[in-house]
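All figures in this text were calculated on a predicted structure; none of them were measured in a lab. Sequence lines set the chain letters: A, B, ... in the order given, protein chains first and strands last, and positions in each chain run from 1.
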Amino acid sequence: MEKSLSEHKLVTDAADLATIAEALQGAEFVGVDLETTALSPRDGRIRLLQIATPDETHVIDVFEVGDLSPLKDVLEGGPVKVLHNAKFDYSFLKAEHGISLSPIFDTMLAAQLLAGGNQGPSFSLEAVAEREAGIELDKSARREDWSGKLSEGQIEYAARDAKVLLPLREKLAEGLEKDELLRISKIEFAAVASIAEMELAGVKLDVARWKELEKVVRKRRDEKALELDAQFPEPEGMLPLEGLGPRLNLNSPQQITDAFRSLGIELSDTKVWTLLKVDHPAAKLLLEYRELQKKLGTYLETYPKFVDGKDGRIHANFLQCRVPTGRLACTNPNIQQIPHEDEFRRCFVAEEGYTFVIADYSQVELRILAEVSGDPAFVEAFQNGDDLHRVTAATMYGVTMDEVSKDQRSAAKRINFGLMYGRGAKSLSAQLGTDEERGRQLIDEYFANYPKVRSFLQKTASRAVRDRTLRTIAGRLRKFGDSAFDDKGAMRREAMNYPIQGASADIAKLALVYVREDLEGLDARLVNCIHDEFVVECREDIAGEVAERTSAAMTRAGSAILKKVPTEVEVVTSREWRK
DNA sequence: GTGTGATGCCAC
DNA sequence: AAACGTGGCATCACAC
Ligand SMILES: Nc1nc2c(ncn2[C@H]2C[C@H](O)[C@@H](COP(=O)(O)OP(=O)(O)OP(=O)(O)O)O2)c(=O)[nH]1
Ligand SMILES: [Mn+2]
Ligand SMILES: [Mn+2]
């Protein structure tokens with residue numbers, strides 16, 4: 001450890017930064033890490049910036065030097081910046097110093113790509129360094145307080161975290177090349193900036209409007225609770241006063257099952273689908289109560305707590321490699337699962353003088369299936385500009401194309417994707433309200449129209465069983481662990497889904513990169529990403545230009561992945577989030 | 001008190 | 001329980 005002691009320098013004098021910048025310019029790779037006083041740039045500040053070259057590690061006390069502008073050029077270009085979980089460091093440097101790290105090599109993302117969607121192992125720096133490079137790190141300093149006087153130990157640990165990134169990158173880069181993950185890793189690394197900036201931008205929730213809705217829904221929920229409660233008989237021997245409080249917990253599936261039993265109704269479960277078949281007023285009331293309770297508990301009462309006090313916006317956390325298929329996940333809060341109804345979405349609003357440009361890929365996974373299966377009728381349908389969700393809706397509900405309602409088209413999506421990914425006749429007929437035989441018939445007809453679709457899906461499932469591995473078009477790797485599946489059928493269905501949902505994620509992530517690039521310099525920024533939909537907030541007076549550029553960038557990303565099938569994007573401009 | 005699995009439902 | 005897939009999250013029941 002003495003050796004590394006001599007190799008790092010604590011920088012407290014701003015005048016030294018220009019020299020450091022100059023020394024860094026010649027490097028091919030530099031390890032970069034931050035120590036901060038909190039986990040979000042809205043809650044804390046950067047204390048240390050560590051930059052490592054093979055020769056030396058600069059540990060810069062940002063409390064002391066203040067201004068980092070002498071380093072801006074070298075951090076925004078030149079050497080590859082190697083970081084572990086780069087989104088974190090990117091956000092702080094962007095928010096605090098207006099610095100956009102580039103280009104990026106993220107050792108965490110690299111390790112996740114190499115793991116092939118296996119989320120079992122930890123992806124902490126310590127775990128990845130150990131696993132991928134055999135380097136053992138002590139993590140005791142990780143959660144220390146970085147706001148006060150720093151011990152020599154803290155500075156030592158800080159330097160070490162940056163320095164270790166260089167040999168770690170070498171190992172990971174070898175692995176990426178060997179496993180043919182270079183293309184997808186480049187996309188992932190480039191998407192970091194888009195995702196970090198999207199989180200920093202946040203999205204505005206009109207809290208007054210939201211709370212207004214909350215009041216209305218709470219009143220209805222409470223009324224419904226009383227009505228529902230009254231459906232069930234008083235338990236024996238209950239004293240009059242006890243009846244004042246709620247005697248039955250309506251949120252308990254167990255208690256609900258017992259309560260229905262007291263009405264002479266046996267329920268296999270209390271899901272929507274089961275309750276819909278029960279011919280009793282209590283079943284209908286329960287469904288209505290559930291819907292209101294869900295909206296109140298999950299959304300209306302919860303989301304205002306996430307509004308940032310300073311800017312009135314929600315800054316969600318987007319997880320870049322949480323999902324094996326490559327889709328983003330979103331937490332705290334999840335703004336990818338806001339109810340689709342206007343009454344909710346209209347509460348997400350652009351700032352005064354700004355508007356939203358909302359762009360969504362048309363029928364994206366259907367197009368991908370056409371591409372990867374090469375089925376002639378399927379490919380031709382898209383070359384003709386057909387809307388296959390609408391076609392399915394018209395067929396299944398026995399209406400003309402013009403008569404298909406929004407709800408019917410939406411229901412047809414579930415049917416189309418269900419059929420693609422191995423849905424059974426029972427489940428399909430249940431949704432359609434037909435008998436099982438009719439379900440069987442519809443499935444057969446569907447695949448008879450598209451024979452190469454069936455063969456592609458079966459081939460994919462069998463390959464996964466045989467090779468335990470699949471790839472998306474951009475090369476993202478999925479490993480199917482031997483022990484993970486006790487149900488082979490489930491694994492086959494997952495396999496059929498993976499290359500297609502995965503290709504959709506390939507496109508979306510490339511689009512994240514392109515959209516950010518093409519909007520640079522405009523007063524426009526990405527504020528939400530719902531898998532195949534982008535929400536951009538921009539000055540009202542440039543909305544036309546922004547809509548053009550956003551949809552062109554998304555289309556370009558689609559065309560980079562899909563060669564036979566055209567990509568289409570539906571764009572809407574609105575001050576509220578609605579389509 | 002905190003943690004975990006089951007249940008259920010929102011989005012794509 | 002049903003042979004669509006990917007998620008997050010609230011609530012309950014029960015363990016510790
Ligand atoms: N397996 C499965 N995938 C779904 C389901 N709903 C949505 N997806 C996937 C496939 C879709 O192509 C993708 C994007 O969802 P969208 O709501 O945007 O639908 P899509 O793009 O197909 O149609 P659109 O033209 O945008 O209305 O998400 C579903 O119920 N099951
Ligand atoms: Mn879409
Ligand atoms: Mn969509």
Given [options], which nucleotide is nearest the side-chain atoms of [X]?
{"X": "A:I530", "options": "B:dC12, C:dC9, C:dG7", "answer": "B:dC12"}
{"X": "A:P324", "options": "C:dT6, C:dC12, B:dA11", "answer": "C:dT6"}
{"X": "A:R493", "options": "C:dG8, C:dA3, C:dA13", "answer": "C:dA3"}
{"X": "A:Y299", "options": "B:dC10, B:dC9, B:dA11", "answer": "B:dC10"}
{"X": "A:N332", "options": "C:dC9, B:dA11, B:dT7", "answer": "C:dC9"}
{"X": "A:R423", "options": "C:dT6, B:dA11, C:dC4", "answer": "C:dC4"}
{"X": "A:T270", "options": "C:dG5, B:dG8, C:dG7", "answer": "B:dG8"}
{"X": "A:H340", "options": "B:dC9, B:dT7, B:dC12", "answer": "B:dC12"}
{"X": "A:K271", "options": "C:dT6, C:dC9, B:dG8", "answer": "B:dG8"}
{"X": "A:F417", "options": "C:dC4, C:dA13, C:dG7", "answer": "C:dC4"}

Spacing of [X] atom [atom1] relative to [N] atom [atom2], expressed in whole Å:
{"X": "A:F318", "N": "C:dG7", "atom1": "CZ", "atom2": "P", "value": "16 Å"}
{"X": "A:Y289", "N": "B:dG8", "atom1": "OH", "atom2": "C1'", "value": "13 Å"}
{"X": "A:L275", "N": "B:dT7", "atom1": "CG", "atom2": "P", "value": "15 Å"}
{"X": "A:K426", "N": "C:dC4", "atom1": "NZ", "atom2": "P", "value": "10 Å"}
{"X": "A:R414", "N": "C:dT6", "atom1": "CZ", "atom2": "P", "value": "17 Å"}
{"X": "A:L250", "N": "C:dT11", "atom1": "CG", "atom2": "P", "value": "13 Å"}
{"X": "A:I507", "N": "C:dT6", "atom1": "CD1", "atom2": "P", "value": "19 Å"}
{"X": "A:Q293", "N": "C:dT11", "atom1": "CD", "atom2": "P", "value": "6 Å"}

In whole Å, what separates the C1' atom of C:dC4 from that of B:dT4?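 Pairwise C1' distance, C:dC4 against B:dT4, rounds to 28 Å.
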Can you tell me if [X] touches the phosphate of [N], counting only side-chain N or O atoms and a distance under 4.0 Å to OP1 or OP2?
{"X": "A:N251", "N": "C:dC12", "answer": "yes"}
{"X": "A:R322", "N": "C:dG7", "answer": "no"}
{"X": "A:Q255", "N": "C:dA13", "answer": "yes"}
{"X": "A:T331", "N": "C:dG8", "answer": "no"}

Can a donor-acceptor pair be found between the side chains of A:R492 and A:Q458 at a distance below 3.5 Å?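 Present: a donor and an acceptor within the cut-off.
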Check the pair A:R218 / A:E301 against salt bridge (Lys or Arg N to Asp or Glu O under 4.0 Å), numbers first and verdict last. CA-CA 10 Å; A:R218 173 172 293 112; A:E301 292 177 343; 2.7 Å; yes
Which of parallel (below 30°), tilted (30 to 60°) and perpendicular (above 60°) describes A:Y303 and A:F348?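 Taking A:F348 first and then A:Y303, their aromatic rings stand perpendicular (interplane angle over 60°).
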Would you call the rings of A:Y450 and A:Y446 parallel, tilted or perpendicular, taking 30° and 60° as the class edges?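 If you compare the ring of A:Y450 with that of A:Y446, the planes turn out perpendicular.
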Looking at every strand, decide which applies to [X] at a 4.0 Å heavy-atom threshold: base, sugar-phosphate, or nothing.
{"X": "A:I415", "result": "nothing"}
{"X": "A:E291", "result": "nothing"}
{"X": "A:G424", "result": "sugar-phosphate"}
{"X": "A:R492", "result": "nothing"}
{"X": "A:Q336", "result": "sugar-phosphate"}
{"X": "A:R327", "result": "base"}

Specify the residue among A:C330 and A:L428 whose closest nucleotide of DNA chain C lies further upstream toward the 5′ end.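 In this pair, the answer is A:L428.
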Nearest-nucleotide 5' precedence on DNA chain C, A:N334 against A:T274: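 Its nearest nucleotide being more 5', the pick is A:T274.
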Can you find a donor-acceptor pair, distance only, under 3.5 Å between A:K294 side chain and B:dC10 base?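 No, no donor-acceptor pair under 3.5 Å.
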Considering only heavy atoms and no angle criterion, is a donor-acceptor pair shorter than 3.5 Å present between the side chain of A:Q337 and the base of C:dG8?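 Present.
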Under 4.5 Å between any side-chain heavy atoms of A:L512 and A:F534, yes or no?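 In short, these two side chains touch, coming nearer than 4.5 Å.
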Do A:L432 and A:R438 come within less than 4.5 Å of each other through their side chains, counting heavy atoms only?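 No, every pair of side-chain atoms sits at 4.5 Å or beyond.
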Do we get A:R478 above A:F480's six-membered ring, with its NZ or CZ under 6.0 Å from the centre and within 45° of the axis?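 Pair A:R478/A:F480 counts as cation-pi.
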